[in-house]
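These numbers were taken from a predicted model, which means no experiment stands behind them. Both counts, for ligands and for their atoms, begin at 1 and track the order of listing.
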Amino acid sequence: MRMKRLPTALSTNPKSLPDRGNSCIRVALDVPLSKLFEYSLPEEIDARIGDRVAVRFGAQQKIGVVIEERVVPELPAARIKSISALRDDAPRLPADWIALMRFLSGYYQRPLGETVIGALPPRLRSTKPLPRKVLKEEPHAPGARFFARHRLTEAQTGVVERVTGGFNAFLLHGVTGSGKTEVYLHLVAKTLERGMQALILVPEISLTPQLEARFREAFPEARLALMHSGLEDIERTSAWLAAARGEAGIVLGTRLAVLAPLPKLALIVVDEEHDASFKQQEGLRYSARDAAVYRAKLAGCPVVLGTATPSLETWHNWILGRYERLELPERASPGARLPVVRMVDLREDPAEQGFCKKTLQEIEKRLTRGEQSLIFINRRGYAPVLACEACGWTAGCGRCTARMVLHAADAARTNPNGSLRCHHCGAEGAIPRACPTCGNVDLKAMGRGTQRVEETLAARFPGARVVRIDRDSARRRAELSRTLEGIRRGEGDILVGTQLLAKGHDFPALTLVGVLNADTALVSTDYRAPERLFAVLAQVSGRAGRRERPGEVLIQTRYPRHPLFAALERHDFAGFAQAQLAERKAAGFPPFVFEASLRAEAPKLETAMAFLKNAAASVRAPDEVRVFDPVPHLLTRRAGLERAQLVMQSTSRPALQEFLTLLSENLFTAAPRAVRWHLDVDPIEFD
Ligand SMILES: [Zn+2]
Ligand SMILES: [Zn+2]
């Protein structure tokens, strides 16, 4: 027997191993159970750890992945079925990838089978074999032309030289417009020169076309694999295969790209590392940023977390000395400065139809100078409330504890009469002609969203081209990237948008940013709200004045002296982070404790609450773990289900993990059918 013995959890004394001919393997299958399944191998099939195999499971054929090989079976020989076939149409999944899956499954408390199979593109989960197509290509090194065309500033050079060698986590803290992307390009160039692979993670699909274009232009010979959920099955599969075969030197994608096998991985970049979209919100609720750091450790390569506004977790890791901080404190473009940030005091300059006089004057100046303005309001639709002033009725969602948002007719005429929509469950209804309670026909739209702001601006500046960008105006990705490209070329005078516009885009003619409703986040009960508000305001402000023309940011507020705004005016992230961390420490919030949340949904609130109470009582919590009483969510009812949650905290991560493992074992075996539940480890949303 020439087989090399691989370490497996259950392999024992070699003498007791069965013959090669009837050797037994354990396979991960996508079933809601945390165990692996035993199968035997027919003589002629040599399936190893990381191979995909087709097996019979009950009456079905399923695809599984071999996790353990040559094991001593636990089942009696007569009950062990043989695998149906080996699927060698895709590369064997490498050992570090399986180690990553084991870690994610354990840490985020999901069955290993679900984790492993869920990380494969849909075509590789199917029992149908892939069409044979072998493309053998090695990652191409960048030509000398790359280095001639991509000159770095002194600060950028310093950063690029620092990122070398084995595992190390870097926080690349660069102000908006400091040229982080140029740094990424050079790090990728160094990786490609060594014939290795670079993984680049970005938060939004809408950011991929822009970055993809820059990478393709910089490295025309290199194979780039694009990975995000918006791709067709075929594209996704071929990108995954190019990554798994080591052919793609550059793998660019959203969070799911962190799950791709990469045999030659030598660099990971997480761009906009603070962004909440790196956290998966269903199934395996992993943080792609945290998984990236773990992955870099497994691969022994550097990981670069780039951002202008680090998450407090990352900032804290730097303070603790776990991460190294690299700084780009200035804008890279010659002559470009950070924008001037000013508060417009709503008590002195009261808003009319949402706008202070000062803001309108500044927009007008931009119009006469041929420059662009951006009005930021983090609320889409026409108005958040439809109300009857006679009796106090407001339009609510029948399935959620939430108000319906009024949406006006849109230009694409997909919604010719306007409608009421629930932003939590997607319910949609007609706008009532009269109050359903008292019959009053004079219903009022209260507050404003992007549509109403667009309408106000179009009426106030009739000659201006007003462009609205939010999830309603940009339903299709292709459409959005066309619009954004147009804005970069100078099409559009006034842009109205949600945070879809705030991230990463570079609009050369944009010199004014107006922020309309920042105050609402100041009074939020979510302890992460200030961190998010600071990040989004710094991001949206960062769109202004990225070239030689100076940029200005106006924030309309009732609290012009608020410390958060003061830090923003000074571009002082460090000061803001220090104050926030002090507050979190005093209050006992992450990153000073580790947190997990058990959430339950049921038709009746009592059912969900009782489930959580029983779950908490089913495992005795050790002293280091604090289990809070279950509470209903703030948005208690969503899509017809009542929701509650139970928060668990500990200063010891191992203690919390151990407790969660016992808890989830009970839940997977004993949860009542009427309750939908999930565990969220390191949760970031508490709605
Ligand atoms: Zn009424
Ligand atoms: Zn709803």
- Message: Return all protein N, O or S atoms below 2.8 Å from the Zn ion (ligand 2), chain by chain in residue order.
- Response: C397 SG, C400 SG, C422 SG, C425 SG
- Summary of ring-ring contact (aromatic ring centres under 6.0 Å, His included) pairs that have at least one residue in residues 379-410, sequence neighbours excluded: H407-H423
Heavy-atom check, side chain of [X] versus side chain of [Y], under 4.5 Å:
| X | Y | answer |
| --- | --- | --- |
| S105 | R110 | no |
| I469 | I487 | yes |
| V31 | Q60 | no |

- Residues passing the ring-ring contact (aromatic ring centres under 6.0 Å, His included) test with F355, sequence neighbours excluded, are none
- Any Lys/Arg nitrogen of E204 or R471 sitting under 4.0 Å from an Asp/Glu carboxylate oxygen of the other? no
- Item | Residues D682 and R289 bridged, charged N to O under 4.0 Å | no
- In the protein, N/O/S atoms that are found under 2.8 Å from the Zn ion (ligand 1), waters not counted: C388 SG, C391 SG, C435 SG, C438 SG
- Message: salt bridge (charged side-chain N to carboxylate O under 4.0 Å, His left out), that's the test. Do R488 and E485 meet it? Break it down for me.
- Response: CA-CA 5 Å; R488 271 192 282 284; E485 191 43 50; 3.2 Å; yes
- Query: Looking only at heavy atoms, which two atoms of P590 and R584 are closest? And how far apart?
  - Reply: O-NH1, 2.9 Å
